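As structure tokens, the structure follows; a few thoughts come after it.
Every value quoted in this text rests on a predicted model; they were computed, and no experiment measured them.
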Amino acid sequence: MRRTWFPSSLAVSIVTLGVLASSAAAQTAAPGPREGEVASDPIRCWWKADRTAVRVGERFGLVLTCAVIETGAITVVPALNQLEPGALSLTPFEVVSGPRADDVVAPPWRYVQFDYTVRLLSDGFFGQDLMIPALTVTYNLQSAGGTQGRDKAYVLPALPIRVLSLAPRSASDIRDASGQTFATIASRRFRSSLAFVLAWISFAFAVVLAAFAVIAAVRHYRLKGPAAVRVLPASSVLGGCLNALRDVAGEATRGGWSPELARRAVAPLRIAGAVAIERPVAQRFADRDASEREGQIAVRTGWLKPQRVLISAAVTSKTIAGHLENGRRIRPAARARLESLADALSTLSVASYGRNGKPDAGSLDAAVESGRTAVQGLRTGARWPVRTASAVLRMFTFGG
């Protein structure tokens with residue numbers, strides 16, 4: 001009895017020690033998650049079709065999304081070349097195309113998405129439930145030090161599709177997909193950002209224009225007393241000068257030049273010169289029947305209650321020349337307009353008051369034309385869009 005019991009006891013002890021050793025080794029090889037961590041699959045993939053029933057030959061969307069873990073300690077590297085449209089086999093379905101959207105990173109996950117266009121060409125599946133076959137995604141784990149593990153496989157379950165039916169029998173969710181992909185989200189985000197920037201730019205322009213409107217209103221209401229008269233804007237004054245020059249040019253074409261007609265052409269050029277060098281322009285509100293004196297031109301203003309204003313100025317060609325020679329910094333375009341006005345005034349003044357007989361029609365036509373061009377340039381610069389832009393530019397430049 002003693003000889004039989006001893007070998008049996010020894011065998012039981014050896015088996016017990018082996019089980020304990022294997023359990024300790026298993027615990028050492030696969031430790032559980034530490035505090036603050038949770039266990040999770042390294043990769044997850046899912047299908048999403050844009051419809052649950054298709055016709056033969058009809059193209060439909062099939063979106064494949066995979067979520068892989070990316071942490072500082074470990075990174076999941078899937079074999080994405082297996083998911084390219086040319087390498088993907090979904091028999092009996094045919095993959096037509098499948099662009100890959102930009103990855104979305106939401107630590108510790110990276111989301112990869114392919115938007116496939118699929119169709120069924122076989123004609124033997126009418127009224128049947130077909131399965132988009134299960135897909136095997138190969139991946140491996142890579143540590144922070146660059147060590148790469150062996151390849152593993154993730155099997156994506158099959159997806160049922162009904163041919164010429166409302167929904168497959170085995171479908172648990174019969175709601176149609178929204179069709180929103182990562183590319184759609186990125187496109188909408190770009191459009192929203194662009195619209196936001198344009199809205200701020202428009203708001204800035206609105207603030208600037210509102211500031212100018214408030215300043216103009218304050219200046220208007222600061223004029224007190226019954227003798228306060230609203231001064232005509234420069235664009236209206238220059239518009240009257242252009243009309244006067246146009247009338248003079250028309251009469252010269254029909255009946256030729258005369259000293260009286262040349263004096264009529266001098267008046268609008270003097271007024272335009274006064275506006276250009278910022279000299280005062282005399283104005284007087286008159287009745288409709290009031291006649292114009294020499295050196296005056298009539299301007300109509302107002303829409304609801306139009307009024308007739310007689311304006312004049314005492315600027316000569318020498319006044320403009322003195323303004324050009326006093327050392328002020330004048331922009332080249334403004335200098336060219338002032339020189340044109342001075343030359344035109346000089347030519348027309350000689351024809352108006354000179355004693356050289358009949359004036360030269362060619363030189364007078366050229367003087368009126370150059371004067372009209374200069375006045376037109378002044379009027380363009382006096383309109384509110386150009387004037388506002390120039391004022392804003394001067395605000396952001398030194399010495400403007």
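The shortest side-chain heavy-atom distance between T373 and S340 does not fall under the 4.5 Å cut-off. T347 is not listed as a side-chain neighbour of L345, based on a closest heavy-atom distance of 4.5 Å or more. The closest side-chain heavy-atom distance from L120 to P92 is below 4.5 Å. No side-chain heavy atom of M131 sits less than 4.5 Å from a side-chain heavy atom of L159. Within the 4.5 Å cutoff, the side chain of L62 has heavy atoms near those of the L90 side chain. Under the 4.5 Å side-chain criterion, counting only non-hydrogen atoms from C-beta, T138 is in contact with Q82. L64 has its side chain out of reach of Q113: every pair of non-hydrogen atoms, C-beta onward, lies at least 4.5 Å apart. Put simply, the side chain of H323 reaches to within 4.5 Å of the side chain of I330, judged on heavy atoms.
Interatomic distance, SG of C241 versus CD1 of I297, reported as 4.0 Å (0.5 Å rounding). Interatomic distance, Y116 OH to L88 CG, rounded to the nearest 0.5 Å: 4.5 Å. The line from OG of S193 to CZ of R188 is 14.0 Å long, rounded to the nearest 0.5 Å. To the nearest 0.5 Å, the span separating CZ on F182 from OH on Y111 amounts to 8.0 Å. Interatomic distance, CG of L141 versus CD1 of I74, reported as 4.0 Å (0.5 Å rounding). Distance check, rounded to the nearest 0.5 Å: CG of L341 to OG of S346 gives 12.5 Å.
Considering all non-hydrogen atoms of both residues, V315 and G273 come closest at CG1-C, 4.3 Å. Of all heavy-atom pairs spanning V137 and C45, the tightest one is CG2-SG, 4.3 Å. Heavy atoms only, all atoms of each residue included: A49 and I161 are closest at CB-CD1, 4.2 Å.
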Identify every side-chain donor-acceptor pair in residues 194-207 under 3.5 Å, counting partners at least two apart or on other chains, and give the distances.
{"unit_1": "S202", "atom_1": "OG", "unit_2": "L198", "atom_2": "O", "d": "3.0"}

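L242 and L310 fall into different hydrophobic clusters, where Ile, Leu, Val, Met, Phe, Trp and Tyr residues are linked whenever their side-chain heavy atoms come under 4.5 Å apart, directly or through other members. Taking hydrophobic clusters as Ile, Leu, Val, Met, Phe, Trp and Tyr residues chained together by side-chain heavy-atom distances below 4.5 Å, I132 shares a cluster with F126. A chain of hydrophobic side-chain contacts below 4.5 Å, direct or via other Ile, Leu, Val, Met, Phe, Trp or Tyr residues, connects I277 to V281. No single ILVMFWY cluster, assembled from side-chain heavy atoms under 4.5 Å apart, contains both F114 and V63. Hydrophobic clustering, with ILVMFWY side chains joined whenever heavy atoms are under 4.5 angstrom apart, groups W46 together with L83.
Using modelled atom types, one side-chain atom of T253 and one backbone atom of A249 make a donor-acceptor pair closer than 3.5 Å. No side-chain donor-acceptor contact under 3.5 Å links E369 to the backbone of A366.
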Would you please test R59 and V118 for side chain to side chain contact (heavy atoms under 4.5 Å, CB included) and show each step? CA-CA 5 Å; R59 298 189 180 190; V118 186; over 6 Å; no
Please test D287 against R308 for side chain to side chain contact (heavy atoms under 4.5 Å, CB included), starting from the C-alpha separation and ending with a verdict. CA-CA 7 Å; D287 298 332; R308 186 166 178 263; over 6 Å; no
Test side chain to side chain donor-acceptor pair (under 3.5 Å) on W257 and D365 and set out the steps. CA-CA 9 Å; W257 282 96; D365 290 338; 2.7 Å; yes
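Remark: F190 pairs with no residue by the ring pair (Phe, Tyr, Trp, His ring centres under 6.0 Å) rule, at least two apart or across chains.
Atom CG of D102 has 12 or fewer neighbouring heavy atoms from other residues, nucleotides or ligands inside a 6.0 Å radius.
Between E294 and R264 there is no salt bridge, since none of the side-chain N atoms of the basic residue sits less than 4.0 Å from a carboxylate O of the acidic one. Using a cut-off of 4.0 Å between Lys/Arg side-chain N and Asp/Glu carboxylate O, E58 and R51 are scored as salt-bridged.
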